[in-house]
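Working notes, structure below.
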Amino acid sequence: MKTNSGRFFEDYHVGQVIEHAVPRTLSGGERALYHALYPARHALYSSDEFAAECGLEVAPLDDLIAFHTVFGKSVPDISLNAVANLGYAEGRWLKPVVAGDTLRSVSEVIGVKQNSNGKSGVVWVRTKGINQFDEEVLEYVRWVMVRKGDLDAPAPEAVIPDLAGNVSVEDLVIPEGLDFLRYNFTLAGEEHRWADYEVGERIDHVDGVTIEDAEHMMATRLWQNTAKVHFDATNRADGKRLIYGGHVISLARALSFNGLANAQMIVALNSGAHANPCFAGDTVRAYSEVLDKAETPAPGVGAIRLRLVAYKDGAPEFALKGEDGKYHPDVLLDLDYWALMPL
Amino acid sequence: MKTNSGRFFEDYHVGQVIEHAVPRTLSGGERALYHALYPARHALYSSDEFAAECGLEVAPLDDLIAFHTVFGKSVPDISLNAVANLGYAEGRWLKPVVAGDTLRSVSEVIGVKQNSNGKSGVVWVRTKGINQFDEEVLEYVRWVMVRKGDLDAPAPEAVIPDLAGNVSVEDLVIPEGLDFLRYNFTLAGEEHRWADYEVGERIDHVDGVTIEDAEHMMATRLWQNTAKVHFDATNRADGKRLIYGGHVISLARALSFNGLANAQMIVALNSGAHANPCFAGDTVRAYSEVLDKAETPAPGVGAIRLRLVAYKDGAPEFALKGEDGKYHPDVLLDLDYWALMPL
Amino acid sequence: MKTNSGRFFEDYHVGQVIEHAVPRTLSGGERALYHALYPARHALYSSDEFAAECGLEVAPLDDLIAFHTVFGKSVPDISLNAVANLGYAEGRWLKPVVAGDTLRSVSEVIGVKQNSNGKSGVVWVRTKGINQFDEEVLEYVRWVMVRKGDLDAPAPEAVIPDLAGNVSVEDLVIPEGLDFLRYNFTLAGEEHRWADYEVGERIDHVDGVTIEDAEHMMATRLWQNTAKVHFDATNRADGKRLIYGGHVISLARALSFNGLANAQMIVALNSGAHANPCFAGDTVRAYSEVLDKAETPAPGVGAIRLRLVAYKDGAPEFALKGEDGKYHPDVLLDLDYWALMPL
């Protein structure tokens, strides 16, 4: 058998290190496509001059380009037979990625637990993105439910990793040289600085975008993510293609510009849930809630912890979960992250 | 309120200068996307070697990339609450934009006039595109009808700017070094030179393109144009997304290659009207009419003034306006511009 | 008549050399779009570092980017009035194309034969792709059936070129410096080396992709291929747009990564047939058959000759031709090529 049928639950064991294939050199082409696929407008990622004023050499590629690239490489090894993408934790951006960088990914299995039905199990992996200088640019934990290939394979000893509920402020990595003292709020698009946001504040990001199949497939392929559910309309009885959860993350993050234009850099992913599936034809909107705020050692740079919720048109205002603790059926994404913002 | 609800008519006053947000560094990625979204083939913009033979250092980005980028930045400040994009005038390309350039936009309000219904008014702005060296690369006037936010706001003193009907030949800016004496007509794709075109001549550009929603949304986002009518299918009762007028401009200009392959550089936008709305599924065709011709001081370089008309499949031949002076319902665009062509 | 109505059968004669218009400088933008449009993952084309380990200066642009670019330029001169694209032969990649290269195309007519119906004929051309240093990067023969414009034009003397059934191993051009001795199979994505493949072996590439109109139109425009059947939904009675055959080639080649991840470089196109038309909505799958194997003088580099078949979802396993010698109606493409693979 020459083709990859993916790993099954029994193929994972704690401590296993998997080097993912197909390193990728990124260029201005990936940025242009990112900006064509999402309404991305954060100035630090759009303008070399703006980035230079903030102490960086050039405008980095959008943080989620790095995330999707690193994530995409892990798909053939981690989630090809996944039933569900269950969660994220301890995600940190460690170094900005710029045009010309080449990224590869490595995952270590840090937990396994067979489900009581004996047909599947949960696998936890810590995935690292590494550049051409062998520097880590990104790391995160994700856990997925994976089918067993051989139902008779014995259940492994359950190992459930002890994961932080959120990345603590001291562990945030501020890009070297970042300095918001000369930050140009006019060019950034909004006047609201870190001090203007209050914990508990919620912001509806106003705009909606109706998604097309051509768009999410182009995006997903761009990250060399090959999960067939995104591309093959014969894969589901209803003929729909399931949209890659990362597409919704990028769309919601880009929409959040309207109200959070100064939440420039994503530095940590505390947790995330793809609450409900998204399909072409859905009109996606987003709101944010300020969860926490902290100062940082970098000049003029504050940190803000945000819940970013994507929802389908028609959901009630600020919809999240029902009284039963389950997500409202129109909620697509519940993401908890830290961003950097001028003080 | 952290989100941008846009300016209303009463928020504009003559002399007001608005610096638009989100400067953008352009790369070969934007060019590749432009050529994927439109059938653009003008050789000067396609080949560094062809451009070098014409006296330029490298192939510039297509003139309409510069236009859309500069225009897109102005949308959140000028046309978010616009009812209609009424016209363009006095547009001039002042310097070619190349990969690596960063563009930002500034607009000055040069006219305001409240409508007699008291509910809206017309705002005229002169918008300039500026590169990372603070050089102007482009300027144009446009006027839009904007809703009043507060119907009780007093009507301002009407100021109607005195705009040129067309840019005069002496005001055309020929890019430094441009020289068409060694122009290669074979590589450019057609043999017809400036001398071969006659004022009054009309050229039907033969080909048609059926537009998809994914395409016009990607194009419009690429210019960071965020007007919701283009993206949100819930915004209109008929569930259609209105196509950005600039998408039709670029499509028509690209189609005009067939018959005007040597009308290489756009140097002025004399006037323009988006005659009727365009939607996905429409098949767009174009014709041109030669309005004027002039010599220029640059070696081998002539100027040609063209009317470019985009229309929907099914329109009568060379359709424009009816006897009532109104545009034929299948006419989408009526654009009047100056281009440079080898003598 | 300023517009190009294309050449008719009687306009071609053996020995005629046609320089095609619109040279094109390629960048990382074209690569990013290629990877967004197709699930392309061959590591040599994805990573500068991987390519450097294989002895190349940087990752070349995917071989089919070069092919489509060179092919696209020939369309206005060769196939605008073509009834059918009949075949390919003697295709060879002569030098990798990298970002920054400018390509142009030249074709020589090497055969003509009027059909017995007197209404059309077959034209054979040898097309060469040439870079900015006047080096040939690619050449291939294709033949097309072209309508006569003037049915009274006399039939030319039939000249049928003597074409090789396949490119012989000695004629394969191995890129200068290519060396697979340090080839990293883990990063490439599969462990199967040249020695692991047997002549006669067939590999079903598992995955399927459902095609959208926006995607194939963007791809086809990117190569400046302007054949109207791909873009204009009013061109056929059924309102469908015929998908450019090259789109199916690229899609099938990209799908073949799953099972042939190490068939890195395409060096020859032995033959090819677009067996049946492809339309948006079709779900495309692919299989390969190993036709031949050969060693090469380059260190660690083997050659493998592959039949790549693209088919529509629903076709029987390994469908190709029926007993009548005709292609199965669900077969889209039958391509025969040589690739380079680590020994």
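Every chain is numbered from 1 and lettered A, B, ... according to where its sequence line falls, protein lines coming before strand lines.
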Under a 4.5 Å heavy-atom cut-off, does chain B meet the side chain of [X], its backbone, both or neither?
| X | answer |
| --- | --- |
| Phe257(A) | side chain |
| Leu260(A) | neither |
| Ala254(A) | neither |
| Leu187(A) | both |
| Ala59(A) | neither |
| Thr283(A) | side chain |
| Asp207(A) | side chain |
| Asp213(A) | neither |

- Message: Out of His230(B), Gln224(B), Met1(B), return the one with the most heavy atom pairs under 4.5 angstrom to chain A.
- Response: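 Highest number of pairs under 4.5 Å: Gln224(B).
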- Options Met217(B), Lys73(B), His20(B), ranked by heavy-atom pairs under 4.5 Å with chain A, top entry: Met217(B)
- Mark yes or no: Lys2(B) above the aromatic ring of Tyr197(A), with NZ or CZ under 6.0 Å from the six-membered ring centre and no more than 45 degrees from the axis.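 Yes, Lys2(B) lies over the aromatic ring of Tyr197(A).
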- Quick one: is the NZ or CZ of Lys148(B) closer than 6.0 Å to the six-membered ring centre of Phe9(B), and within 45° of its axis? no
So does [X] pair up with [Y], basic N to acidic O under 4.0 Å?
| X | Y | result |
| --- | --- | --- |
| Glu136(B) | Lys128(B) | yes |
| Arg285(A) | Asp313(A) | yes |
| Glu30(B) | Arg31(A) | no |
| Asp336(A) | Arg307(A) | no |
| Arg24(B) | Asp101(B) | no |

- Item | Among Trp223(B), Tyr140(B), Tyr244(B), ring pair (Phe, Tyr, Trp, His ring centres under 6.0 Å) partner for Phe67(B) | Tyr140(B)
- Message: At a 4.5 Å cut-off on heavy atoms, which part of Ala233(B) comes close to chain A: side chain, backbone, both, or neither?
- Response: both
- Non-hydrogen atoms of chain A under 4.5 Å away: do they reach the side chain of Ser27(B), the backbone, both or neither? side chain
